[in-house]
There are 2 protein chains.
Amino acid sequence: MLNSDARQRVLDAAEKLFMERGYRAVTLKDIAAQIGIRHASLYHHVPGGKQELFIEVTERNLARHREGIAAAIANSPQDVRAQLKAVADWLIAQPPMDLIRMVNSDMPAIDPRQAWRLSQMASDAMIEPLHALLKQAQARGEIAHDDLGVIAGGLLGMIESIHAVPTEALHQRGIPLDRHDMAHTLIDALLDGLMRRDEPTT
Amino acid sequence: MLNSDARQRVLDAAEKLFMERGYRAVTLKDIAAQIGIRHASLYHHVPGGKQELFIEVTERNLARHREGIAAAIANSPQDVRAQLKAVADWLIAQPPMDLIRMVNSDMPAIDPRQAWRLSQMASDAMIEPLHALLKQAQARGEIAHDDLGVIAGGLLGMIESIHAVPTEALHQRGIPLDRHDMAHTLIDALLDGLMRRDEPTT
DNA sequence: TGATACCTACAGAATTGTAGGTAGAGATGC
DNA sequence: GCATCTCTACCTACAATTCTGTAGGTATCA
């Protein structure tokens, strides 16, 4: 009842649209249309209305990210490069997680208490796992850096920025440019550095 | 007339809000309130309405970015690190340029022709200058990489992601964490790489 | 006296939310 | 075996508000 099949369809559609476009850019009509029902029928499954729907699916989405990132790391060898690429592959397969929009546009539009809670969740789900991954790699002696928190955030922004590449741009001039490849390229670049070195560090 | 003082105030307020929150999350009332007038008065300065206002200020903003980035590079020594940091400093001083939101939320909400044009402009203003900067550094032998286009995009995403750090988070535990410092840290990390090397490459 | 920069008032559409109704599936009483 | 009862998942209709855009008026200044 509280988690029926029909309700899940509503949450799925809402999650997809809200995460793609943001709170204000999605109407209840959009969500209802996506699953072929009338907007008023949404209230049957989510009596709390738009804001509660947004909060619920955002929480759900963040929880999924936390688990997805954890699983990606757990299923990889103990190696920063492999782990980061696994995380990136998982992130690229998801709808974009636009934290800039979340912080600057979505959060100011909802109840401040909830906004604060969601911001915390976002940090815990997205930044912390990456931060932990990097710290462990540092402990293993694989990498060396003083501000791994900052690096974790930058890494995330770098990977997510790939979602800003329009789909058409990927097939240009016969180059089968793939988002996963791009993410791997970026990770290799961050790990190895761009500066030219005469002795190649593999 | 076409570029009066009052009109500039309208464009400034609109640019700030639109770039911060996105097209759908900003109402004409918000913009008018920002400069202390009624929403209907906006039509005196921008008869084209909301969509044309958005397009105009987005163009303006992108043009400013193109110029600001070019100026930052021009006023720096011929050195990737210095140039990238100058660009980053300029970007950090601007309102966030959320390309993910632009592509996935703002562009689908406006006329497709204009959306395509703005997307081109965004690429020209943001990615291309960075790409050119990197190619020149490569020509000078400072850096070495095969996919500088991808790197340029990732670099941008990395720097812009700093705008997702909530202002309160910057003053935590007495650490005067500054957005500019964070950007510099990220640039150093990308140039030098995170991998531990026993001979320090300065 | 005319241009500029505003204003009030309002129309029309979109958006969120409420009230109450219905069709069908499955359980229950007799 | 079948009438009925209840629950789920919708529906239509509409109220309240917000948002965009229009029409026309007014104050100020050169």
Side-chain angles (χ1 to χ4, degrees), chain A residues 1-58 101 105-112 114-115 118, chain B residues 1-58 101 105-112 114-115 118:
Chain A
M1 178 171 78
L2 271 173
N3 266 6
S4 71
D5 206 40
R7 186 166 197 272
Q8 290 307 314
R9 276 202 305 278
V10 169
L11 296 183
D12 289 346
E15 184 180 320
K16 176 162 178 295
L17 289 177
F18 277 138
M19 294 306 119
E20 226 167 74
R21 302 190 208 152
Y23 184 62
R24 299 289 303 272
V26 175
T27 68
L28 295 179
K29 213 181 160 194
D30 292 336
I31 296 168
Q34 187 108 138
I35 52 176
I37 65 175
R38 305 278 164 171
H39 89 274
S41 305
L42 294 176
Y43 287 87
H44 175 69
H45 302 288
V46 189
K50 186 182 183 184
Q51 183 167 317
E52 285 200 13
L53 175 56
F54 175 77
I55 291 168
E56 175 164 2
V57 298
T58 301
R101 188 207 61 214
S105 182
D106 296 345
M107 292 305 118
I110 66 173
D111 173 59
Q114 303 290 303
L118 289 180
Chain B
M1 177 171 75
L2 271 172
N3 266 7
S4 72
D5 206 40
R7 186 167 198 271
Q8 290 308 314
R9 275 203 306 277
V10 169
L11 296 183
D12 288 347
E15 184 180 320
K16 177 163 178 295
L17 289 177
F18 278 138
M19 295 307 118
E20 224 165 75
R21 301 192 210 152
Y23 184 63
R24 298 289 304 270
V26 174
T27 69
L28 294 179
K29 211 179 161 195
D30 292 336
I31 296 169
Q34 186 108 137
I35 51 177
I37 65 176
R38 304 278 164 170
H39 89 273
S41 306
L42 295 176
Y43 287 86
H44 174 69
H45 302 289
V46 189
K50 187 182 182 184
Q51 184 167 314
E52 284 200 14
L53 176 56
F54 175 77
I55 291 168
E56 175 165 0
V57 299
T58 302
R101 188 206 62 215
S105 181
D106 295 344
M107 293 303 119
I110 67 173
D111 173 60
Q114 304 289 305
L118 289 180

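Note that these values count all heavy atoms, side chains included, but never hydrogens, waters or copies made by symmetry.
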Expressed in angstrom and rounded to an integer, what is the separation of [X] atom [atom1] from [N] atom [atom2]?
{"X": "B/I37", "N": "C/dT8", "atom1": "CD1", "atom2": "P", "value": "12 Å"}
{"X": "B/Q8", "N": "C/dT4", "atom1": "CD", "atom2": "P", "value": "15 Å"}
{"X": "A/R24", "N": "C/dA14", "atom1": "CZ", "atom2": "P", "value": "17 Å"}
{"X": "A/E52", "N": "C/dG17", "atom1": "CD", "atom2": "C1'", "value": "13 Å"}
{"X": "B/R38", "N": "C/dC10", "atom1": "CZ", "atom2": "C1'", "value": "15 Å"}
{"X": "B/R7", "N": "C/dA3", "atom1": "CZ", "atom2": "P", "value": "19 Å"}
{"X": "A/Q51", "N": "C/dT15", "atom1": "CD", "atom2": "P", "value": "18 Å"}
{"X": "A/H39", "N": "C/dG17", "atom1": "NE2", "atom2": "P", "value": "9 Å"}

Can we say [X] and [Y] salt-bridge, meaning some charged N sits less than 4.0 Å from an Asp/Glu carboxylate O?
{"X": "B/R21", "Y": "A/D106", "value": "no"}
{"X": "B/D5", "Y": "B/R9", "value": "yes"}
{"X": "B/E56", "Y": "B/R7", "value": "yes"}

Exercise for the section: Name the nucleic acid region contacted by A/T27, choosing base, sugar-phosphate or nothing; use a 4.0 angstrom heavy-atom cut-off, strictly under. Expected result: sugar-phosphate
Exercise for the section: May I ask you to decide if A/I31's main-chain N or O and A/K16's side chain share a donor-acceptor pair within less than 3.5 Å? Expected result: no
Practice task
Examine distances only and state if a side-chain atom of A/T58 and a backbone atom of A/F54 form a donor-acceptor pair shorter than 3.5 Å.
Solution key: yes
Practice task
Could you please name the option among C/dT16, C/dC7, D/dC10 that lies closest to any side-chain atom of A/L28?
Solution key: C/dT16
Handout entry: Nucleotide nearest B/A6 when distance is taken to its side chain, options C/dA5, D/dT20, D/dT12
Key = C/dA5
Practice task
Return no unless some side-chain N or O of B/S41 is found under 4.0 Å from OP1 or OP2 of C/dC7.
Solution key: yes
Exercise for the section: Considering just the side-chain nitrogens and oxygens of A/H45, establish if one lies under 4.0 Å of OP1 or OP2 belonging to D/dC10. Expected result: yes
Fill in the blank from the handout: The answer to which of A/K29 and B/H44 contacts DNA chain C further toward the 5' end, by nearest nucleotide, is B/H44
